[in-house]
Amino acid sequence: MSNKVYRIGQIVPSSNVTMETEIPALLRSRETIARERFTFHSSRMRMKKVTKEELEAMDAQSLKCAQELSDARVDVMGYACLVAIMSMGRGYHCVSETNLHEETVKNDAPAPVVTSAGALINGLKVLGAKKVAVITPYMKPLTEMVVDYIEHQGFEVVDYIALEIPDNLEVAAQNPKNLLDIYKRLNLEGVDVIVASACVQMPSLEAIDAIEKESGIPVTSAAVCTTYEMLKKLGLDTKVPMGGALLSGKY
């Protein structure tokens, strides 16, 4: 019996170079213990600087990207920019996911849609989080929007760190191992989950396991939660959306 091949579609900012490495890395890891196989397909929205104005203009391009990916008959589609969704207003991930899905239906190629913003919220719920600590690369005003968005979804953000990096390529160039020192600046009292990267452009996979072991607190990221949510949409559910669980194949 041949392995089923799933087509993973991603709507990514034009300057994003991380989601097309981290999501494949997570799913390739899964392939070592599961029969399913995955191929990866992207469509891009223009964005260079992580500002509210550029994010809003970029989001307007997402419907066209959904059309293009549905031409390829992808099995699931992911919108890979958390802050673009969260900067558009509370609960906007529901609006975006509905609008993008409708575009695939209009194109006679209906596909489930995941946003990294919605995936992070759902991942925190699956983990049973009530109090969280968050690391972002964004400027402080955008980070405050992210914090407000998360708290509006029913979580308490005990503490956060904004690295204040406006250039999106510079965000991608960050060494994920630096997070092993950065997270120690967080107030972790009473925290249920650490979000090592609330940004799908800031690499974090190499640090997630180590932070979890050092802190004794479950650790996740926007990229990990997005991967988990994609698997759910495909009917390939895993137990928890933690980086260590996915990377080590412990489902």
Quiz item: Given I211 and I194, is the side-chain contact (heavy atoms from CB on, under 4.5 Å) satisfied, shown in steps?
Solution: CA-CA 9 Å; I211 295 173; I194 299 169; 4.2 Å; yes

Self-check item: Single-linkage hydrophobic cluster, 4.5 Å side-chain cutoff, V17 and V224 together
Solution: no

Exercise. Using modelled atom types only, decide if a donor and an acceptor are shared between the side chain of S116 and the backbone of L82 within a distance under 3.5 Å.
Key: yes

Practice problem: Could you tell me whether the side chain of S96 and the main chain of Y92 form a donor-acceptor pair under 3.5 Å? | Solution: no

Quiz prompt | Approximate separation, where rounding is to 0.5 Å, of N175 CG and E206 CD | solution = 7.0 Å

Quiz item: Taking side chain as C-beta onward, heavy atoms only, is N122 less than 4.5 Å from Y228?
Solution: no

Self-check item: Heavy-atom neighbours of R73 CZ exceed 12 at 6.0 Å
Solution: yes

Self-check item: K140 to Y138 six-membered ring, cation-pi geometry met (6.0 Å, 45°)
Solution: no

Quiz item: Within a radius of less than 6.0 Å around NZ of K184, do more than 12 heavy atoms belonging to other residues, nucleotides or ligands occur?
Solution: yes

Quiz prompt | Taking every non-hydrogen atom, the tightest pair across I11 and S62 | solution = CD1-O, 4.0 Å

Quiz item: Within the side chain of Q10, is there an N or O that forms a donor-acceptor pair under 3.5 Å with the backbone of M77?
Solution: no

Quiz item: Could you state the interatomic distance from CG (D71) to NE2 (H41), rounded to the nearest 0.5 Å?
Solution: 13.0 Å

Quiz item: Is a side-chain donor or acceptor of D59 paired with a backbone partner of A84 at a separation under 3.5 angstrom?
Solution: no

Quiz item: If Ile, Leu, Val, Met, Phe, Trp and Tyr residues are connected whenever their side-chain heavy atoms lie under 4.5 Å apart, and connections chain through other members, are V146 and M139 in the same group?
Solution: no

Quiz item: Do V158 and E189 pass the side-chain contact (heavy atoms from CB on, under 4.5 Å) test, and can you show the C-alpha distance, the side-chain angles, and the key distance before you say yes or no?
Solution: CA-CA 8 Å; V158 173; E189 186 175 354; 5.7 Å; no

Exercise. Tell me, with the steps shown, if L27 and T227 meet side-chain contact (heavy atoms from CB on, under 4.5 Å).
Key: CA-CA 8 Å; L27 293 177; T227 307; 3.7 Å; yes

Quiz item: Does H101 use its side chain to pair, donor to acceptor, with the backbone of A111 at less than 3.5 Å?
Solution: yes

Quiz prompt | Any I8 side-chain heavy atom under 4.5 Å of V76 side chain | solution = yes

Quiz item: Of all heavy-atom pairs between V134 and L186, which one has the smallest distance, and what is that distance?
Solution: O-CD2, 3.9 Å

Practice problem: Check whether any side-chain N or O of Y79 sits under 3.5 Å from a backbone N or O of L100 as a donor-acceptor pair, and report yes or no. | Solution: no

Quiz item: Would you say the side chain of M202 lies within less than 4.5 Å of the side chain of L163, judging by non-hydrogen atoms?
Solution: yes

Quiz item: Does CZ in R46 sit with more than 12 non-hydrogen atoms of other residues, nucleotides or ligands closer than 6.0 Å?
Solution: no

Quiz item: Is it true that a side-chain atom of N16 and a backbone atom of M19 form a donor plus acceptor pair closer than 3.5 Å?
Solution: yes

Quiz item: Between R30 and E36, is there a salt bridge with N-O shorter than 4.0 Å?
Solution: yes

Exercise. Work out which heavy atom in S221 is nearest to a heavy atom in V195; give both atom names and the distance.
Key: CA-CG1, 4.4 Å

Practice problem: Evaluate the side-chain proximity of M45 to S14: yes if any heavy-atom separation is below 4.5 Å, no if none is. | Solution: no

Quiz prompt | Nearest heavy atoms of N107 and S70, plus distance in Å | solution = ND2-OG, 2.7 Å

Exercise. Specify the closest pair of heavy atoms between S215 and V219, including all atoms of both residues, with the distance to one decimal.
Key: OG-CG2, 4.4 Å

Quiz item: Between atom CD1 of I121 and atom NE2 of H152, what is the distance when rounded to the nearest 0.5 Å?
Solution: 10.5 Å

Practice problem: State the CD1-CG distance between I208 and L180, to the nearest 0.5 angstrom. | Solution: 11.0 Å

Quiz item: Under the 3.5 angstrom rule, does the side chain of E170 hit a backbone N or O of P166 as a donor-acceptor pair?
Solution: no

Practice problem: Determine, step by step, whether T18 and V200 satisfy the side-chain contact (heavy atoms from CB on, under 4.5 Å) criterion, reporting the C-alpha distance in whole Å, the side-chain angles of both residues, the deciding distance to 0.1 Å, and the verdict. | Solution: CA-CA 7 Å; T18 303; V200 294; over 6 Å; no

Practice problem: Please examine the side chains of T136 and C199, heavy atoms only from C-beta on, and report whether any two atoms are closer than 4.5 Å. | Solution: no

Quiz item: Hey, are K64 and E103 close enough for a salt bridge, meaning a charged N less than 4.0 Å from a carboxylate O?
Solution: no

Quiz item: Hey, are the side chains of E156 and K130 touching, using non-hydrogen atoms and a 4.5 Å cut-off?
Solution: no

Quiz item: So, the side chain of S29 versus the backbone of A25: is there a donor-acceptor pair under 3.5 Å, distance only?
Solution: no

Quiz item: Do L231 and F38 have side chains that get closer than 4.5 Å, going by heavy atoms?
Solution: yes

Exercise. Spell out, yes or no, whether V95 and M86 are grouped together once hydrophobic residues are joined by side-chain heavy atoms under 4.5 Å, including indirect joins.
Key: yes

Quiz prompt | Approximate separation, where rounding is to 0.5 Å, of D192 CG and L124 CG | solution = 9.5 Å

Quiz item: What closest approach, in Å, do L179 and A196 show between heavy atoms, and which atom pair accounts for it?
Solution: CD2-O, 3.6 Å

Quiz prompt | Atom CD of E214 with >12 non-hydrogen neighbours under 6.0 angstrom | solution = yes

Exercise. Kindly compute the distance separating OG1 (T115) from CD (E97), expressed to the nearest 0.5 Å.
Key: 3.5 Å

Exercise. Check whether any side-chain heavy atom of S87 sits under 4.5 Å from a side-chain heavy atom of L142, and report yes or no.
Key: yes

Self-check item: Sidechain-backbone polar pair: R7 side chain, A72 backbone, donor-acceptor under 3.5 Å
Solution: yes

Quiz item: Hey, are R44 and E20 close enough for a salt bridge, meaning a charged N less than 4.0 Å from a carboxylate O?
Solution: yes

